[in-house]
Amino acid sequence: MTDAQERPDRPRGADDSVYLDAKGLRALAHPVRVRLVGLLRRYGPSTATRLAERLGVNSGTASYHLRRLGAAGFVEEDTERGNARERWWRSVHRTIWFDDRDLAEREPEAALAYQQSVAALYTLRTRQTLDELRTMPRAWRDSFDMSDWALRLTPGETATLYRELSDVIARYRRDTPEAAATAPEGAERVGLITYLLPEPDAPEPGAPEPDAPATAPAEAGPERTSGPERI
């Protein structure tokens, strides 16, 4: 969420990061929980009632998922704000990493559910920005971008591309409470969402498999279509 991220070769040891194990992966394999963690990171500590309003669910549902997240160590009670009538929750980490390929193979259903939840959250965030774009100042409207670049790379080149992109992003100010307090005038939260999507070539329907005799029957693969290079 890129907040949640899944990438190899990233630096370890950040105090505000957590690396998913089997328990954590299963706990986050639900879209409501992924969104709850994201809301607590973005807006700070909150109650189940307020979070439920943002999510469009009832407070009982939000409370249940917060307790599950708490048991897994992703959120915790904010005892400085809470009282006997109202529990406040806060996020424990700023970043979640999921890069254990062995874990993904051992827990394929949980891994897929988590990744789908993260993808759904990214789509939701994009739609929300689009809905609000017309009312933003011109400077922010002009900075908005959605791009689709088609490259032909090896797995090694793709890993290098990721590392180079990460190096560029690391030069810029992260959105943290501390950064918000010291950022220059006019600085606002900017969401940068990256995807690296392998799209292995598939044979055209009716085409022979590579290295197969021309007369051999070929299995029909999925049809590939190309979108615009830049949206």
Side-chain angles (χ1 to χ4, degrees), residues 1-12 14 16-42 46 48 51-52 54-76 89-128 148 153-156 158-159 161-163 165-166 191-203 219-225 227:
M1 304 164 296
T2 111
D3 297 339
Q5 303 175 55
E6 182 196 13
R7 286 304 311 171
D9 304 321
R10 43 79 176 140
R12 291 181 176 269
D16 60 355
S17 297
V18 61
Y19 314 114
L20 289 184
D21 57 13
K23 178 182 178 182
L25 180 61
R26 289 192 293 268
L28 279 178
H30 194 288
V32 170
R33 294 174 203 160
V34 170
R35 291 186 64 190
L36 283 170
V37 172
L39 287 173
L40 289 172
R41 286 180 184 160
R42 179 169 184 176
S46 189
L51 291 166
R54 289 185 179 274
L55 292 177
V57 301
N58 62 60
S59 59
T61 296
S63 293
Y64 168 76
H65 288 297
L66 284 166
R67 290 194 300 271
R68 292 293 301 271
L69 288 168
F74 294 111
V75 304
E76 63 185 8
W89 298 88
R90 61 188 175 195
S91 176
V92 176
H93 311 285
R94 293 296 305 174
T95 307
I96 294 174
W97 290 96
F98 175 39
D99 62 1
D100 188 332
R101 303 308 184 205
D102 292 336
L103 174 58
E105 292 181 1
R106 293 195 308 270
E107 300 279 351
E109 293 183 3
L112 179 60
Y114 168 67
Q115 291 165 326
Q116 289 176 332
S117 296
V118 172
L121 175 61
Y122 292 165
T123 300
L124 175 64
R125 288 171 57 184
T126 303
R127 289 175 177 171
Q128 289 173 335
D148 176 17
L153 308 174
T154 66
T158 304
L161 172 61
Y162 169 74
R163 287 191 291 269
L165 290 173
S166 296
L192 175 61
I193 298 171
T194 63
Y195 291 97
L196 285 175
L197 305 176
E199 299 178 359
D201 291 323
E219 294 184 8
E223 184 177 5
R224 297 185 70 224
T225 58

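Keep in mind that what you see is a predicted model, and the values were worked out from it rather than measured. The figures here come from the full heavy-atom set of this structure, side chains too, leaving out hydrogens, waters and symmetry mates.
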*Side-chain heavy atoms of R90 within contact of L40, under 4.5 Å*: no

_Straight-line distance of L55 CG to H65 NE2, nearest 0.5 Å_ = 9.5 Å

*Short side-chain to backbone donor-acceptor contact, T61 and V57, under 3.5 Å*: no

*Is there a side-chain contact between F98 and Q115 (heavy atoms, below 4.5 Å)?*
yes

*Taking all non-hydrogen atoms of both residues into account, name the closest pair between S63 and A48 and its distance.*
OG-CB, 3.2 Å

*Give me the one residue out of V118, L25, V18, V34 that meets side-chain contact (heavy atoms from CB on, under 4.5 Å) with I96.*
V18

*Between A52 and A62, which heavy-atom pair has the shortest distance, and what is it?*
CB-CB, 3.9 Å

*Taking the side chain as every heavy atom from C-beta outward, state whether L69 and L28 have any atom pair closer than 4.5 Å.*
yes

*For the atom pair CZ (R125) and CG (L121), what is the distance rounded to the nearest 0.5 Å?*
6.0 Å

_Heavy-atom side-chain proximity of W97 to L20 below 4.5 angstrom_ = no

*Go through the steps for D100 and Y19 under the test side-chain contact (heavy atoms from CB on, under 4.5 Å), then give the verdict.*
CA-CA 9 Å; D100 188 332; Y19 314 114; over 6 Å; no

*asked:* When you measure from the side chain of R41 to the backbone of H93, do you find a donor-acceptor pair of N or O atoms at a distance under 3.5 Å?
replied: yes

*Without swapping roles, check the side chain of R33 against the backbone of A27 for a donor-acceptor pair under 3.5 Å.*
yes

*For L66 and W89, what are the C-alpha separation, side-chain angles and deciding distance, and is it a side-chain contact (heavy atoms from CB on, under 4.5 Å)?*
CA-CA 8 Å; L66 284 166; W89 298 88; 3.5 Å; yes

*Can you find a heavy atom in the side chain of R35 that is under 4.5 Å from one in the side chain of L124?*
yes

*Interatomic spacing from CZ in R26 to CZ in R68 - rounded to 0.5 Å*: 10.0 Å

*Do the side chains of T154 and T158 get nearer than 4.5 Å, heavy atoms only?*
no

*Quick one: pull up CZ in R163 and CG in L161 and give me the separation to the nearest 0.5 Å.*
10.0 Å

